[in-house]
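Structure first, commentary second.
The first residue of the sequence shown is numbered 1, and numbering continues consecutively from there. One-based numbering, in listed order, for ligands and for the atoms of each.
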Amino acid sequence: MTIKENVAIILNEIPEGVQLVAAAKTVSPAKMMEAIDAGVRIIGENYVQEAEAARELVGDRAEWHFIGHLQTNKVRKAVRLFDMIETIDSIRIAREIDKWCARLGRTMPVLVEINSGREPQKSGILPEEAESLIREIAQFKHIKVSGLMTMGPRFGNPEDSRQYFIETRKVFESIKSLDLPRVEMKYLSMGMTNSYRIAIEEGANIVRIGSKIFG
Ligand SMILES: *Cc1c(COP(=O)(O)O)cnc(C)c1O
């Protein structure tokens with residue numbers, strides 16, 4: 001199957017209102033362009049350096065979401081390259097984003113990453129920590145809290161992911177119901193190649209798909 005065919009199948013399958021992020025770690029800009037020509041509107045990148053090179057070629061033909069683990073020393077570059085950062089999990093990284101965005105005179109939409117599987121080695125905050133972190137980072141003028149993201153543990157059977165998506169959705173709804181100032185619970189980013197169908201059933205409106213598009 002070609003990239004074009006893969007994208008067509010996915011776009012045809014996902015409901016309206018669900019955004020597709022083409023997760024493109026280690027993928028060449030030429031392949032990204034193929035995906036964009038087939039209808040992809042958002043590229044997801046895990047690495048700032050890789051995004052920098054890819055953006056030279058792909059430019060503004062797509063929006064760029066950062067979906068990797070962001071290091072403080074990369075924030076300065078990241079705020080120039082990305083339209084959204086999906087993986088905020090500390091006040092420290094949020095403060096750094098705010099600082100560099102202030103210098104550019106821009107506001108960065110961010111998602112807070114939930115470690116829904118409570119896996120010690122994974123990034124993200126625990127579900128019960130989300131509200132207090134969001135209250136804190138909502139203070140930053142150059143950040144717009146726009147929702148939540150989760151990976152969840154990887155399983156052979158995608159059904160096993162469902163409970164982690166349900167739990168993240170609950171956090172999403174509960175924070176939404178608080179109607180916090182400067183917080184918009186708009187996006188819920190969950191589900192990958194293996195699990196995006198389940199994630200959509202459980203309320204995802206952003207899915208991040210890599211191998212099913214790029215092989
Ligand atoms: C790689 C990656 C994906 C896509 O994973 P696939 O299983 O290849 O679809 C989604 N989200 C993040 C954060 C990733 O790093």
Pairwise ring-ring contact (aromatic ring centres under 6.0 Å, His included) hits with a residue in residues 82-112, at least two apart | F66-F82
Under 3.5 Å, is there a donor-acceptor pair between the side chain of R182 and the main chain of K141?
-> yes
Just grab all the salt bridge (charged side-chain N to carboxylate O under 4.0 Å, His left out) pairs involving residues 202-215, residues at least two apart or on different chains.
-> R162-E202
List the steps and the verdict of salt bridge (charged side-chain N to carboxylate O under 4.0 Å, His left out) for K170 and E167.
-> CA-CA 5 Å; K170 277 188 186 149; E167 180 164 15; over 6 Å; no
Side-chain donor/acceptor of S90 to backbone N/O of I93, under 3.5 Å = yes
Hey, could you give me each pair passing salt bridge (charged side-chain N to carboxylate O under 4.0 Å, His left out) that has a residue in residues 70-95? Not counting sequence neighbours.
-> E52-K77
Using heavy atoms and a strict 4.0 Å limit, residues surrounding ligand 1 turn out to be A23, K25, N46, I67, M149, M151, R154, M192, T193, R208, I209, G210, S211
